[in-house]
Amino acid sequence: MSSTSQSNTDRVFIFDTTLRDGEQAPGATMTFEEKLQVAELLDNMGVDIIEAGFPIASNGDFEAVSEIARRSKNSVIAGLARAIPADIDRAGAAVRLAPRGRIHTFVSTSPIHLKYQMNKNQDEVLELVTQSVTQARNLIDDVEWSAMDATRTPIDYLAKCVEAAINAGATTINIPDTVGFSVPEEYFAMFKTLIETVPNADKAIFSTHCHNDLGMAVANSIAGVQAGARQVECTINGLGERAGNAALEEIVMALKTRGDALPFHTEIDATHLARASKIVSAACNTPVQFNKAIVGKNAFAHESGIHQDGMLKNAETYEIMTPASVGIKETSLVMGKHSGRAAFKDKLKDLGYELGDNAFQETFVRFKELADRKKNVYDEDLIALVDDEMGSIEDKIKLVAMSVSSAIGGDHTCELTVSVEGDAKSVKVSGTGSVDAIFNAIKEAVGANPHLVHYGVDAVTGGTDAQANAHVRLEMNGKIASGRTAEPDTLVASARAYLNAYNRLLMERGASAQGVMAG
Ligand code: KIV
Ligand code: ZN
């Protein structure tokens, strides 16, 4: 059965929380501009509700939610709030300029959260549900209420809370699997019971919100939909704390591809999925695993001889959806060093990028430099260039010069100059290998010793002249930041990625933000 033939009652609303729950992933902090870019993309691809942030967390979060609200076209813009009056007021103020705004307020309901986190009894929390939803409803008509850690909450108490929230005016009821603990049958049963037994259940839309700790976030979300939920909360690439959230692209394509078994549909334009994945991955400096369903580099690659043979005879032998249906285009050779600005602009447009004047000029200059050094420039190279440009921040520390010498059984030394807010600082430092020497040199030059959480390199395309994509994740004083850079030289890419992460560590984020992370 084709999904478009289904009725409105089978419509599943997609609530994307990449900018809130997703951004809470370690090192995934986005800049203001990156958040606006991701929100615009989500709005264009048909996301019904964009959770744009947690306005009380910091001024930066508040401003990003307000600006996303002001610019929104079709999507409802939601701001998160704890069951605290100041949070709810702040969320209301942040979404005020949205043509359609929502306050999303939550409180924990499970015994373990009540005892250790809230220090409140069930009656007190029940009272909070009514108070918080009532306050939110006095500010806005569209109010979502979430029972944090719902899947570890006794169902009778959960049902009472849901009834109270709906009575107070909540229009969406979210039942999160906050700790990724549930299994599909159990999650299904929870929704069935709530929808069938809570007396006013028909006055709200029920929503899933699943974390992926046991790898069941998507399966659980779909089980919730089968039981009657009509909103799914998810993130691009499954981004999120710990093992992440349910992946938007997997939910959308599961419903689209298996309309026969899952007679539900979304209004997402799936041809935006590949690009959304790339943009979020670049903005958060979080690489997508190669075998990630739908958007991984290998998701449509057929390696075995038997599969390749079948594919040549008829693609449907091994392909349940086409790469084009999720927006993956055949890779193509771009232009060379003689290509002009107009052709370059056209190519970027074709790849789905429209850059402002400054960003365009910068990217064009970098493209020319790359084309001078690299014979073949592919779409992937251009995407890496644009992602670098969009991920660039106002660097306090810049790499000015670097030379590395390395010998088998001998020394590995890095001589490097950085400019620290305009002041040049040169050092010469050795290490156990070239990369170790480079990172040691940077640490000495900047006078800091962040902990290296992750370092990785992969090739943007094939060939020995491929650009190296280097990823670095650093931790310092409880704050984590990631950096990424693509460069033809692996060592330069590594140094720049390290500095990119370090500059992000220095970036202001409201000091209180870490303290008020939600689940
Ligand atoms: O996982 C969770 O419980 C949450 C809530 C804030 C909705 O993210
Ligand atoms: Zn969550």
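The shown structure was predicted, so the numbers you read here are calculated from the model rather than taken from an experiment. Note that the numbering runs from 1 along the sequence shown for the chain. Counting starts at 1 for both ligands and their atoms, in listed order.
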Parallel, tilted or perpendicular, as decided by the 30° and 60° cut-offs, for the rings of Tyr187 and Phe191: perpendicular

Any N/O pair Asp21/ligand 1 closer than 3.5 Å: yes

Test of proximity, Asp149 against ligand 1: N or O pairs below 3.5 Å: no

Contact with ligand 1 for Arg20, non-hydrogen, under 4.0 angstrom: yes

Closest approach of Ala165 to Ile173 (non-hydrogen atoms, all atoms of both residues): CB-CD1, 3.8 Å

Whether Tyr455 and Phe439 hold their rings parallel, tilted or perpendicular, with breakpoints at 30° and 60°: perpendicular

Glu51 with Arg102: basic N within carboxylate O range, under 4.0 Å: no

Asp149 and Val179: CA distance, side-chain angles, deciding distance, side-chain contact (heavy atoms from CB on, under 4.5 Å) verdict: CA-CA 7 Å; Asp149 205 15; Val179 291; 3.8 Å; yes

Glu144 vs Leu80 side-chain heavy atoms within contact, under 4.5 Å: no

Whether Asp21 has an N, O or S atom under 2.8 Å from the Zn ion (ligand 2): yes

Between Thr151 and Ser182, a side-chain donor and acceptor under 3.5 Å: no

Residue from Asn245, Asn174, Thr208 passing side chain to side chain donor-acceptor pair (under 3.5 Å) with Glu233: Asn174

Close N or O approach (Thr178, ligand 1; < 3.5 Å): yes

Element-labelled atoms of ligand 1 that are located less than 4.0 Å from some non-hydrogen atom of Met148: 3 (O)

For Ser146, the ligand 1 atoms whose distance to one of its heavy atoms is below 4.0 Å: 7 (C)

Atom of His209 nearest the Zn ion (ligand 2) (restricted to N/O/S, atom name only): NE2

Atom indices of ligand 1, in the order listed, that fall short of 4.0 Å to a heavy atom of His104: 7 (C)

Residue His211 atom name (nearest to the Zn ion (ligand 2); N/O/S): NE2

Approximate separation, where rounding is to 0.5 Å, of Arg11 CZ and Gln231 CD: 11.0 Å

Atom indices of ligand 1, in the order listed, that fall short of 4.0 Å to a heavy atom of Pro176: 2 (C), 3 (O)

Per-atom contacts, ligand 1 versus His211 - under 4.0 Å to a heavy atom: 1 (O)

Under-4.0 Å heavy-atom contact with ligand 1, by part of Glu233 that carries it: neither

